[in-house]
Amino acid sequence: MAAPSHVLPFLSPTGTASCVRASPGRRAGLLRCAAAAGQAGFFTRLGRLIKEKAKSDVEKLFSGFSKTRENLSVVDELLTYWNLADTDRVLDELEEALLVSDFGPKISFRIVDTLREEIRDGKLKSGAEIKATLKRCILELLTSKGGNSELNLGFRKPSVIMIVGVNGGGKTTSLGKLAHRFKNEGAKVLMAAGDTFRAAARDQLEVWAERTGSEIVIDNDKKAQPPAVLSQAVKRGKREGFDVVLCDTSGRLHTNYGLMEELVSCKKVIAKALPGAPNEILLVLDGTTGLNMLQQAREFNDVVGVTGFILTKLDGTARGGCVVSVVDELGIPVKFIGVGEGMEDLQPFDAEAFVEAIFP
């Protein structure tokens with residue numbers, strides 16, 4: 001016999017269904033809770049599925065770090081015939097290889113000091129053991145300092161992601177590729193053309209919206225300020241049941257105080273339109289700039305509170321140690337890396353796959 005309309009099924013702590021008599025107000029509250037739980041489950045699955053794609057894209061990751069792997073090929077040469085008497089010379093050359101690959105002085109010295117200490121204590125007795133410890137040190141740094149690299153999409157629709165960065169870093173392209181990822185997993189995506197300063201930015205984002213089958217909010221009168229466009233998009237996303245709202249912003253130098261303050265306004269209007277948003281503020285960094293990206297990252301983080309990095313243009317020419325440097329410096333995870341121009345070439349970052357990709 002079916003339960004009366006005022007009796008609502010719910011899951012007990014053991015997971016079994018039972019019924020509870022509820023007033024109309026109580027029923028509405030329970031239904032809202034059930035809806036919120038469903039949305040939270042959707043976003044949890046969505047974040048996990050996107051992260052898991054990194055496991056199947058290792059080949060592209062390898063090609064993206066070919067230059068780094070070439071620079072670090074000396075590691076095998078040094079360690080193949082390693083003996084205790086050559087320790088100082090080998091470690092000095094290993095340190096140089098790390099520096100050339102943009103690991104930065106602090107990280108390079110720390111790793112080499114760890115290796116030297118373990119060799120001295122008799123814990124490492126072969127070249128293979130030294131290499132394994134080298135890789136372990138890098139992996140531990142990425143996982144301990146970088147935290148969870150999976151997207152934090154919140155627990156209710158829409159999830160709002162704000163993309164920021166300097167001019168020419170690849171923000172709009174990264175946003176488009178991110179939309180492609182979401183659409184492939186069945187999400188309903190809305191883009192917000194918040195870059196109202198660059199003449200071609202809106203047209204570029206419209207092309208990405210068409211390519212990915214996403215909706216888009218644009219500045220129709222070409223006079224609206226970025227915060228107004230983003231606010232309109234988030235409100236539409238909430239009203240029309242979009243899963244994800246991707247907010248593009250204008251490129252700006254981290255040294256331009258006025259434009260950096262505008263980002264604060266963008267963040268505030270998003271939060272006003274949807275409390276708790278944005279769920280992610282992703283800073284796009286150009287991997288070809290190497291360690292020079294660190295100052296950009298510091299400034300953007302101080303202003304808007306960056307939650308994750310997208311490292312672009314790691315297409316075989318960049319030195320991949322910068323990935324480790326930026327995580328070590330700021331303790332913020334890398335969430336995606338760009339390893340090419342194709343739609344699929346924005347890769348979810350996976351620390352283990354990265355370490356395997358940079359060593360020959």
Side-chain angles (χ1 to χ4, degrees), residues 47 50-51 102 104 142 145-153 159-179 181 191-192 194-195 197-198 201 205 226-227 230 244-268 270-271 277-314 318 320-339 346-349 351 354:
I50 288 176
K51 178 65 185 292
D102 267 359
L142 286 170
K145 289 287 191 76
N148 186 5
S149 61
E150 188 174 303
L151 283 173
N152 175 22
L153 300 175
S159 181
V160 181
I161 299 175
M162 186 174 164
I163 308 292
V164 302
V166 302
N167 300 288
K171 292 185 310 306
T172 303
T173 299
S174 295
L175 187 151
K177 292 177 180 179
L178 195 54
R181 289 256 175 202
M191 296 180 177
D195 185 351
F197 293 112
R198 188 164 59 92
L205 201 62
L230 300 188
V244 180
V245 178
L246 298 174
C247 298
D248 197 13
T249 61
S250 303
R252 64 207 68 220
L253 292 174
H254 55 286
T255 53
N256 189 316
Y257 178 80
L259 286 179
M260 292 294 281
E261 283 297 301
E262 183 188 73
L263 282 182
V264 177
S265 298
C266 289
K267 182 180 178 181
K268 285 180 178 178
I270 290 173
N279 302 87
E280 291 271 15
I281 300 177
L282 302 180
L283 173 60
V284 176
L285 295 169
D286 182 342
T288 63
T289 63
L291 292 176
N292 292 327
M293 70 174 64
L294 285 174
Q295 187 59 36
Q296 295 175 25
R298 293 189 198 105
E299 296 292 338
F300 276 94
N301 186 46
D302 287 345
V303 171
V304 291
V306 173
T307 61
F309 298 119
I310 298 177
L311 265 61
T312 61
K313 306 181 184 179
L314 298 172
C322 60
V323 175
V324 186
S325 296
V326 75
V327 171
D328 179 67
E329 178 78 17
L330 294 172
I332 297 171
V334 175
K335 302 221 170 181
F336 290 91
I337 55 174
V339 293
L346 185 69
Q347 302 291 311
F349 182 71
F354 166 78

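In this chain, residues are counted from 1 in sequence order. Note that the structure is predicted; figures quoted are calculated from it, not measured.
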- Message: With heavy-atom distances below 4.5 Å as the criterion, would you say the side chains of Ile337 and Phe354 are in contact?
- Response: no

- Between atom OG1 of Thr173 and atom CD1 of Ile163, what is the distance when rounded to the nearest 0.5 Å? 11.5 Å

- Heavy-atom pair of closest approach, residues Leu285 and Ala297: CD1-CB, 4.3 Å

- Task: Please report the closest heavy-atom contact between Cys266 and Pro226, naming both atoms and the distance.
- Result: SG-CB, 4.1 Å

- Those residues at least two apart in sequence (or on a different chain) that pass side-chain contact (heavy atoms from CB on, under 4.5 Å) with Ser159 are Phe43, Leu153, Asn279

- Query: Taking side chain as C-beta onward, heavy atoms only, is Leu205 less than 4.5 Å from Asp195?
  - Reply: no

- Message: Just to verify, what does Ala179 make a side-chain contact (heavy atoms from CB on, under 4.5 Å) with, not counting sequence neighbours?
- Response: Val189, Met191, Thr212, Ser214, Leu246

- Task: Could you pull out all residues at least two apart from Ser174 that satisfy side-chain hydrogen bond (donor to acceptor under 3.5 Å, both in side chains)?
- Result: none

- What one should report as the nearest heavy-atom pair of Ser250 and Gly194 is OG-O, 3.7 Å

- Task: For Val164, check side-chain contact (heavy atoms from CB on, under 4.5 Å) against everything at least two apart and list the hits.
- Result: Met162, Thr249, Leu263, Ile281, Leu283, Phe300

- Message: Within this structure, what is the CE-CD distance for the pair Met293 and Gln296, rounded to the nearest 0.5 Å?
- Response: 7.5 Å

- Please name all residues satisfying side-chain hydrogen bond (donor to acceptor under 3.5 Å, both in side chains) with Lys268, sequence neighbours left out, ordered by chain then number. none

- Val160/Cys247 under side-chain contact (heavy atoms from CB on, under 4.5 Å): CA gap, chis, key distance, verdict: CA-CA 7 Å; Val160 181; Cys247 298; 3.9 Å; yes

- Query: So, does Arg181 use its side chain to make a donor-acceptor pair with the main chain of Leu346 at under 3.5 Å?
  - Reply: yes

- Which heavy atom of Asp328 sits nearest a heavy atom of Lys145, and at what distance? OD1-NZ, 2.8 Å

- Query: Hey, does the side chain of Thr312 reach the backbone of Gly169 with a donor-acceptor pair shorter than 3.5 angstrom?
  - Reply: yes

- Query: With side chains defined as the heavy atoms from C-beta onward, is the minimum distance between Leu330 and Phe309 less than 4.5 Å?
  - Reply: yes

- Evaluate the side-chain proximity of Val323 to Leu311: yes if any heavy-atom separation is below 4.5 Å, no if none is. yes

- Query: Between Leu282 and Leu178, what is the shortest heavy-atom contact and its length?
  - Reply: CD1-CD2, 4.3 Å

- Item | Asp286: partners by side-chain hydrogen bond (donor to acceptor under 3.5 Å, both in side chains), with sequence neighbours left out | Thr288, Lys313

- Note on the structure: Shortest non-hydrogen pair, Val284 vs Gly170, comes out as CG1-C, 4.0 Å

- Task: Output the distance between atom OG1 (Thr307) and atom CG (Asn148), rounded to the nearest 0.5 Å.
- Result: 11.0 Å

- Would you please name every residue forming a salt bridge (Lys or Arg N to Asp or Glu O under 4.0 Å) with Lys335, sequence neighbours left out? Glu280

